[in-house]
Structures are given as C-alpha cells and as structure tokens.
Amino acid sequence: MKKYSLKELGADILIDFIAGAMIAVGVYNFALNANFPVAGFSGIAIILYHLLNIPVGIGTVLLNIPTAVFCYKFLGKTFFLKSLKTIIISSFLMDYVAPLFPAYEGSRLLAALCMGVLCGVGYAMIFMRGSSTGGQDFISMSIKKVYPHRTLGVINFVLDMVTIILGSILVFKDVDGFIYGIIVTYLLAIVMDRIMYGIDEGKMTLIVTDHGQHVAEQIEAYSGRGSTILQGRGSYSGRQKDVVMCACNNKQMYAIKKMVHEIDPKAFTIIMESNEVVGEGFKEEVS
C-alpha cells in the first residue's frame, strides 16, 4: 500500500475545506430556501423525517452505518479513512460555517444553477483526491469499482434521480420543485464529469506522410510534444507510409496542422477529439 505522507494529508485537508465549503454553500445557502428535493442521503433523511418523524441527523447516521460497513470491506481501509476525514470536515462546514452567510432568497432557477455548479465542482475535487463525502458517495464509488467504464457523474445522476422522484412524490408534491431538482442533478453531473474527465481534454492527430521524421521533429520543436511514428501501408497504392500520432491541446493543433501542410502538402491529416490525455506533458494519473 502506498505510504500516506504528511504532505498528502495536508493537501487532502486543504481540498476538503475548499470543496466542503463549496458544497455547504450550494446546499445550505442556495438550496435550503428554494424548496426543491435534495439528492443524496440528505435527501433520503429529509424524506424519513417527513414520513416517520426521524430527525435528519439521526436518519443520515442510520443510513450511513450499514453503507460505511459495506464499503469499508469493498473499497478498503484507505478510502474509508480518507472519506471519514472528509465527512467530518464537510459536516462541520455545513453546520457551523455555511449558516454564517445569508441564504439566497431569489429565483429558484438561479438557486438551482448555483447549487449545481458549486456542488459539482466540490464533489469532483473530493473524488479526484480519492475520497468522498460518505452516504451516497460510498455507493457510487462502489458501483464505479464494479463498472469502471461508467462515469461518476452518470452514476450519481441515476442515484440522485431516484431520491428526487421519491422526495417529489412522497413529500414535496410540487411539479416545479421536481423540475428544479432534475436541473440541479443534471447540472451537477455535467460539471462533475467536466472537471474530472474533461479538464484535460485536447486533440489527437494521425498524420499519414512520406516525411514522418521531419514532421515529428517540427512538432516537437514547436510545441514540445513528442510523437509516435507508426509504419503504415496504403491499401490502394500498397506504398509504405509513416503515420505520426501526436496528442496536444486545442490551441496547438491549428498551428500543427498548418505546419504539416507546409512540410508535406500531400499529407493526410486526421484530427480527433480527445476527452482526456494522461501522461508526460499532460495530466499525471493518480494511483
């Protein structure tokens, strides 16, 4: 198991405070007075409060206990302890810091938009540090382990929709509130996926040319990006060709395309979107 250094612990605590503050403000200061269903275990606890008169705090704890035990075994000790730290910090910020600021009493739509953006960024920051805020996050991370090809935004969207539908039917019984709840959930999922999977997006190009080495050298001289030269053969002509594969950011691709045309006007250039680029010169993968 990788050693957890004091530097990493300090960085995690700092991120927890920043992200937890964003989530607390989004929920307490924007969503509280907007009167639309809240997703997650907090939303379920509110439903239990209205139906069974169970206090929200106790309901949240009762929901978290079996979930935490299950995820402790499934996701491991490190994730559980990091999440416990995040839960304590985010709960403190929610109960004692967010109430110090005035609650937003304006448009419900603006409240929904602000909550979706703030919470989406906050949750993404926490997930990217290998932690969670507990509750439904434990479930979503467990599902992510079983189905790694599913994004956390989509997983959370499905789970949140179940809570919103239950809250709208059993408690709020407000069509407008249900719509705002959907808006918040969708926006939160989009923002979270954008931060986690799209912030390092760029372009990837495949350049079919007779001057592969020259093209690769010019790309590196201009952008500092390394390239991979593959060997290809035209299916029609049967001629051997170089295929230069290179990943770069969006701004660099236009200049690279122009540069390739100047070197080899007959080059065949394919440019593709790249959701995320991990590796040297881009984002370092977090283990």
Side-chain angles (χ1 to χ4, degrees), residues 18-51 56 59-60 63 86 90-91 93-95 97-99 101-128 132-141 143-144 147 150-199 201 275:
I18 296 174
M22 298 180 74
I23 295 171
V25 170
V27 173
Y28 190 92
N29 301 94
F30 284 100
L32 188 63
N33 292 336
N35 198 29
F36 51 73
V38 178
F41 269 27
S42 297
I44 299 176
I46 292 174
I47 295 174
L48 294 177
Y49 170 77
H50 285 283
L51 296 180
V56 174
T60 303
L63 290 168
T86 303
S90 59
S91 299
L93 294 171
M94 181 74 71
D95 292 338
V97 176
F101 299 93
Y104 178 73
E105 298 180 353
S107 167
R108 294 174 80 186
L109 178 59
L110 291 179
L113 294 177
C114 289
M115 178 191 173
V117 173
L118 288 171
C119 291
V121 174
Y123 283 126
M125 292 172 65
I126 290 172
F127 283 139
M128 290 170 71
S132 78
T133 56
Q136 185 175 288
D137 295 345
F138 282 150
I139 299 177
S140 62
M141 292 298 289
I143 296 175
K144 177 69 174 175
Y147 302 101
R150 303 291 184 186
T151 67
L152 283 171
V154 171
I155 295 171
N156 277 300
F157 178 77
V158 173
L159 295 176
D160 289 345
M161 282 301 300
V162 173
T163 306
I164 289 174
I165 292 173
L166 289 176
S168 299
I169 294 176
L170 300 177
V171 179
F172 297 99
K173 300 178 181 179
D174 178 10
V175 176
D176 287 346
F178 172 73
I179 294 173
Y180 287 124
I182 293 177
I183 292 174
V184 169
T185 303
Y186 179 76
L187 181 60
L188 192 151
I190 293 298
V191 171
M192 190 163 64
D193 277 352
R194 183 69 176 178
I195 295 295
M196 295 184 68
Y197 304 107
I199 197 170
E201 70 177 5
N275 261 1

- Query: Where do Val25 and Met115 land on the side-chain contact (heavy atoms from CB on, under 4.5 Å) test, with the steps shown first?
  - Reply: CA-CA 8 Å; Val25 170; Met115 178 191 173; over 6 Å; no
- Item | Spatial distance of atom CG (Asp176) from atom CG (Leu109) [nearest 0.5 Å] | 11.0 Å
- Message: Going by ring-ring contact (aromatic ring centres under 6.0 Å, His included), name the residues that satisfy it together with Tyr180, two or more places apart in sequence or in a different chain.
- Response: none
- Residue pairs passing the salt bridge (charged side-chain N to carboxylate O under 4.0 Å, His left out) test where at least one lies in residues 108-122, sequence neighbours excluded: Arg108-Asp174
- Partner residues of Phe178 under the ring-ring contact (aromatic ring centres under 6.0 Å, His included) criterion, sequence neighbours left out: none
- Message: To the closest 0.5 Å, what do you measure between CD1 (Ile169) and CD1 (Ile164)?
- Response: 12.0 Å
- Message: Within this structure, what is the CD1-CD1 distance for the pair Ile182 and Ile165, rounded to the nearest 0.5 Å?
- Response: 7.0 Å
- Query: Please, which pairs that meet ring-ring contact (aromatic ring centres under 6.0 Å, His included) have at least one residue in residues 101-126, sequence neighbours excluded?
  - Reply: Phe30-Tyr104
- CD1 of Ile190 to CD1 of Ile195: how many Å apart, nearest 0.5 Å? 12.0 Å
- Report the residues that fulfil side chain to side chain contact (heavy atoms under 4.5 Å, CB included) with Ile126, sequence neighbours left out, ordered by chain and then residue number. Asp16, Ala19, Ile23, Thr86, Ser131, Thr133
- Message: Tell me every residue that passes side chain to side chain contact (heavy atoms under 4.5 Å, CB included) with Val162, counting only those two or more places apart in sequence or in another chain.
- Response: Leu166
- Message: Please find the pair of heavy atoms, one from Leu93 and one from Pro99, that lie closest to each other, and give the distance.
- Response: O-CD, 4.4 Å
- CG (Leu118) and CG (Leu187) are apart, to the nearest 0.5 Å, by 10.0 Å
- Query: Taking atom CD1 of Ile155 and atom CE of Met192, what is their separation to the nearest 0.5 Å?
  - Reply: 8.5 Å
